Amino acid sequence: MLTATQPLRAVLPPRHGPSSFPSSGKASAGLWAPRRGAVSSSKVRCTSVSVSQAVVNGQAAIGTVVADVDQERQAGLLLTRRGEVELPVVTLKATVTLRLNEEWSTTEKVAGMVHQPWLLLEFFSSELDPKTGKEMRTQPHAASYSRMDGAGSFVYEVTVPSSSFGDVGAVVVENHYSSEVFISGIEVQHPNGAVNFNCSSWVTCHAGYNKRIFFPLESYLPSQTPEGVARLREMDLEAKRGDGHGERMLWQRIYDYAVYNDLGDPDKSASLRRPVLGGKEHPYPRRCRTGRPRCKADPSSETRAAGEIYVPRDEEFTARKAGAFLTKKVTSTLSAFTTAQEVAGDRRRSFPSLAAIDALYEDGYRNQPGQQPDNLNTYFTDLLEKQVELLLKGEKEEVKEDIRKVFKFQTPEIHQKDKLAWFRDEEFARETLAGMNPLSIQLVTELPIKSKLDEQTYGPGDSLITKELIEKQINGVMTADEAVAKKKLFMLDYYDMFLPYVHAVRELEGTTLYASRTVFFLEEEGTLRPVAIELTRPKSPNMPQWRQVFTPGSSVADSWLWQLAKAQVLAHDTGYHQLVSHWLRTHCCVEPYVIAANRQLSQMHPIYRLLHPHFRFTMEINAQARASLINADGVIESSFSPGKYSMLLSSGVYDTFWEFDKEALPADLLRRGMAFQRDDGELELTIKDYPYANDGLLIWDAIKDWVSEYVNHYYAAASDITGDKELQLFWTEVRTRGHADKRDEPWWPVLDSRESLVQVLSTIIWVASGHHAAVNFPQYPYAGYFPNHPTTARRNMPTETGDMRAFLEDPEKVLLDTFPSQYQSTLALPVLNLLSSHSAGEEYLGVHSEPAWMADAEMRAAFERFNGRMMDIAETIDRRNKDPALKNRKGPGVVPYVQLKPNYGDFKDMTSVMEMGIPTSISI
């Protein structure tokens, strides 16, 4: 098999190419060519189309038979008259760098590709004919195979005689080969110099779809579009929009919208029926339309995909990314294999002891930073070769050790640092500021704390965490009212959002749910101390409301009840983190931006080129989530709170909480009371040592300054923004189609100035990079040891049930029965491990640069400043993590806060998977 195995650096930097800045990390095989995994041949194989109209360097090509054509006559066909003067004929020489799909790179295919004239190029001038006002273009010419470039790519060349029709404004590529090809780049040499085309795109071979338009690196607003390619600019966008009908094929590149009606599987079982998310009843963002048939049992639902879920072809993983993802998925699953086999027939079996939980992990086998091997076969071959070598040396114990590690989980960082961290109240509080979910903590602004829900339906809404209780717990150092006034009280509020689901969740097998409030007090040294937890079961037709407040107790019984209450709250926090902070606010809400940008912003639009790297792989990873993570009976429903109602809760939060303008980090901090504006307009944090906010604001400011320079470079005045039809259509479509259920909200920004555009773009980029990195990569380091952050709670509080005898006899068993079951751990831990990994070929914020940016001297200089600033931020974060005064990031057993530390992705000198850098996009 012949494959393209190296990144294309020698010819032209690809769209997702390496940074223009130095990095000690080295790229490896198959980095840049995306791959569609194995699919049926009917969706990949193509019928070769006649190329009798093509011209191959002055020769007419018919099939594979080549006949001479008079060179002068051919040249004459391309002369353009201007007035009465025939302009002299010049030549355009184009070099095309391409790859084949690795699935189809057989020796026979490569040989056929090399000897057949299948690749046609047609060149368009950037100008219109001054006499006729029509486009100036060449005839399609077939390129000939030239060489391999030494990096595994095929290089084709074509020389086209042409009149002097100005600069080349576009190239139309036609693929008449028998399979799709990945066009990396095109370089056109002409008398005025070289023109580079950064293509980085698959061109299908299916008749009617096998022609693609590519534009040079120079960016243009719609009003500035060279006249000679204005029609092509619109044609390319129309092709990506599609017509909204029919089922999408895997090779297509059509972007359109649909509701989330493919999570259930009612045709398989009535128990797998799920409501449609998106619409008046359950508001939700939109996903990519696939057009699959409707279910017979529920016509409102779309049938589940038999294989891969459609995403536009260029949105798929690269071969390297796909290989690394699969390898990590398999190795993570193997870690759970032994436990899964033991409990296959008993999904409710608890762990018998804390020691049994510890046995899941190999002591000393740390969750080290590193990039995943990108080939599963190679991974196991290398492992086998190592074991054979050790056996030959007689080192049998080391062989046993290596094999045992395959079936063990790596020790999560929190457990590696402090085996008792999960038990300590200080760590419980610290993680609200610096852990896996630092986006929920909020300031208490008034007492008593009140619910907004209907008391007739759910019972009294005033909290039982009273002023008197607070004053007692803080030892009377100040009154409760003083604590509020001095911004000393904070809260995790999972009351209103969870309470409506409590009774429904409790009807599910092996799980429970409460609504919860947890109050913290800010100590003088800048750390939080938990004061009280309130758990509530709403009233029902058969039962009154039940609620109780738990505090860190002085007696043994009270201490154990406190630990049980903490387990309930942590399960709420983990579920909310996964469903809202992570999935909804990043993955789900960003997908409409990706779709709208591709439908309304031309590939030559500067805003498209700014946003594009921040959308890399998001649609693909979201499709995979719909396939096995958030679907009916998937990992989330099976092992996270609140079970089968998880996505409904996500929809409810979107309806009542999500606002685009509040997704900007400063606005989010202000909304939660975690920051306030001083009289001078500057932002000040309510808690000075709030690592997520401290570091996040540095990243936010750097992003905003970079975006400001970018926007100001392309838009001289506000009128350029209001008059940019593509930009306005993009933003209108985001609001009215991508987030259609929020279309009439008054908080949507209006793009009427450079300031408003900078704010919108900075918000999108922050969510796709910094926000996602902060909530994604700490998942396994913090929740991989699930007593520290259980994904669900299975047992009611003994004080609610009245079953105090079992609690008093063995409180540890009650806690273990509350934690996830052994079966649930085999589902959740591999996923957390997978999601927390960095893939080979990842692109990092402030490091990765787009070719179009680098082609513009001013933008190159601006990006270099952005890069330098990000590296300065990395040094600042290192200093902060060494400062003993910052107790939320430095201290005995404390995991340093590195989730938002910029980096190049080089893991050699790193100690944590969380400090490998901030990926530019939501790619995992």
Side-chain angles (χ1 to χ4, degrees), residues 15-16 237 240-241 253-260 278 283-289 311-312 314-315 582-603 605-623 625-626 654 658-665 667-668 700 703-704 707 710-711 721 724 726-743 745 747-751 756-773 775-776 843 845 850 919-924:
R15 178 186 64 198
H16 297 309
L237 285 172
K240 293 168 77 174
R241 294 180 193 129
R253 56 190 287 268
I254 295 175
Y255 297 77
D256 205 351
Y257 302 94
V259 294
Y260 279 76
Y284 216 56
R286 300 305 191 255
R287 62 168 175 90
C288 178
R289 180 184 179 276
V311 296
D314 288 336
E315 302 298 335
H582 184 205
W583 164 256
L584 174 66
R585 293 179 63 184
T586 65
H587 289 260
C588 187
C589 285
V590 166
E591 184 158 342
Y593 312 150
V594 184
I595 299 171
N598 280 279
R599 286 169 56 87
Q600 300 298 345
L601 296 176
S602 166
Q603 60 180 279
H605 199 293
I607 301 306
Y608 179 87
R609 285 172 163 161
L610 174 67
L611 291 177
H612 189 256
H614 302 288
F615 297 156
R616 186 186 188 219
F617 299 148
T618 300
M619 293 181 74
E620 171 74 16
I621 197 65
N622 286 1
R626 301 205 316 272
Y654 176 74
W658 189 87
E659 298 179 14
F660 176 85
D661 58 329
K662 300 298 193 299
E663 292 304 289
L665 177 60
D668 178 57
W700 167 266
I703 290 172
K704 193 169 183 180
V707 173
Y710 192 95
V711 167
I721 293 172
D724 184 338
E726 287 185 6
L727 180 68
Q728 295 297 332
L729 285 171
F730 156 71
W731 192 234
T732 296
E733 192 164 291
V734 165
R735 301 192 319 271
T736 62
R737 297 198 63 188
H739 288 274
D741 303 324
K742 298 271 190 175
R743 63 187 304 160
E745 296 289 353
W747 39 254
W748 283 107
V750 177
L751 297 186
S756 63
L757 178 56
V758 167
Q759 184 73 9
V760 164
L761 297 175
S762 299
T763 300
I764 293 173
I765 292 172
W766 160 255
V767 170
S769 57
H771 178 152
H772 181 258
V775 298
N776 182 76
E843 294 172 358
L845 185 68
E850 289 286 287
T920 59
S921 65
I922 302 165
S923 60
I924 187 68

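Predicted, not measured: the structure shown is a model, and the values here were computed from it. Computation of the quantities below employed the complete heavy-atom set of this structure, encompassing side-chain atoms and omitting hydrogens, waters and symmetry-equivalent molecules. Numbers here are sequence positions counted from 1.
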Close side-chain approach of Cys288 to Ile595, heavy-atom, < 4.5 Å:
yes
Partner of Asp256 under side chain to side chain donor-acceptor pair (under 3.5 Å), chosen from Arg241, Arg737, Arg287
Arg737
Between Glu850 (side chain) and Leu610 (backbone), is there a donor-acceptor pair under 3.5 Å?
no
Tell me if a side-chain donor or acceptor on His614 pairs with a main-chain N or O of Thr920 at a distance below 3.5 Å.
yes
Rounded to the nearest 0.5 angstrom, the OG-CD distance for Ser769 and Glu843 is 13.0 Å
If you define the side chain from C-beta out and look only at heavy atoms, does anything of Leu727 sit under 4.5 Å from Leu757?
yes
Please determine whether side chain to side chain contact (heavy atoms under 4.5 Å, CB included) holds for the pair Cys588 and Asn622, giving the CA-CA distance in whole Å, both sets of side-chain angles, and the decisive distance to 0.1 Å.
CA-CA 7 Å; Cys588 187; Asn622 286 1; 5.8 Å; no
Working to the nearest 0.5 angstrom, can you tell me the gap between Arg599 CZ and Ile254 CD1?
10.0 Å
In short, Ala664 meets Thr763 closest at the heavy-atom pair CB-OG1, 3.5 Å
Backbone N/O of Phe615 and side chain of Tyr593: donor-acceptor pair under 3.5 Å:
no
For Arg286, enumerate each residue passing the side chain to side chain donor-acceptor pair (under 3.5 Å) test, keeping only those at least two apart in sequence or located in another chain.
Asp741
Partners meeting side chain to side chain donor-acceptor pair (under 3.5 Å) with Lys704 (sequence neighbours left out):
Gln759
Taken in chain and number order and not counting sequence neighbours, the residues that satisfy salt bridge (Lys or Arg N to Asp or Glu O under 4.0 Å) with Glu663 are Arg585, Arg671
Heavy-atom check, side chain of Tyr710 versus side chain of Arg609, under 4.5 Å
yes
Do the side chain of Trp748 and the main chain of Lys742 share a donor and acceptor less than 3.5 angstrom apart?
yes
Roughly how far, to the nearest 0.5 Å, is CG of Leu584 from OH of Tyr284?
5.0 Å
Report the relative orientation of the aromatic rings in His771 and Trp766; use parallel for angles under 30°, tilted for 30 to 60°, perpendicular for over 60°.
tilted
Just jot down the side chain to side chain donor-acceptor pair (under 3.5 Å) partners of Arg289, sequence neighbours excluded, or say none.
none
Flag for His605-Asp724: side-chain donor and acceptor within less than 3.5 Å
yes
Picking from Val767, Ile703, Val711, what satisfies side chain to side chain contact (heavy atoms under 4.5 Å, CB included) with Ser762?
Ile703
Would you say the side-chain atoms of Arg616 pair up with the backbone N or O of Ser921, donor to acceptor, closer than 3.5 Å?
no
Does the side chain of Ile764 reach to within under 4.5 Å of the side chain of Phe660, using non-hydrogen atoms?
yes
Donor-acceptor pair, distance only, cut-off 3.5 Å: does the side chain of Thr618 make one with the backbone of Ile922?
yes
Check whether any side-chain N or O of Trp731 sits under 3.5 Å from a backbone N or O of Pro749 as a donor-acceptor pair, and report yes or no.
yes
Sorted by chain and residue number, the ring pair (Phe, Tyr, Trp, His ring centres under 6.0 Å) partners of His587 (sequence neighbours excluded) come out as His582, Trp583, His772
Check side chain to side chain donor-acceptor pair (under 3.5 Å) between Arg743 and all other residues, then give those that pass, not counting sequence neighbours.
none
pair His739-Pro283: side-chain heavy atoms closer than 4.5 Å
no
Of all the heavy-atom pairs spanning Pro285 and Tyr654, show the shortest one and how long it is.
CG-CE1, 3.6 Å
Closest approach of Gly738 and Tyr257, non-hydrogen atoms and distance?
CA-CE2, 3.7 Å
Assess, by modelled atom type and distance only, whether the side chains of Tyr608 and Glu726 contain a donor and an acceptor separated by less than 3.5 Å.
no
On a heavy-atom basis, which atom in Asn598 and which in Leu237 lie closest, and how many Å separate them?
O-CD2, 3.7 Å
Out of curiosity, Ile607 CD1 to Ser602 OG, how far, rounded to the nearest 0.5 Å?
12.5 Å
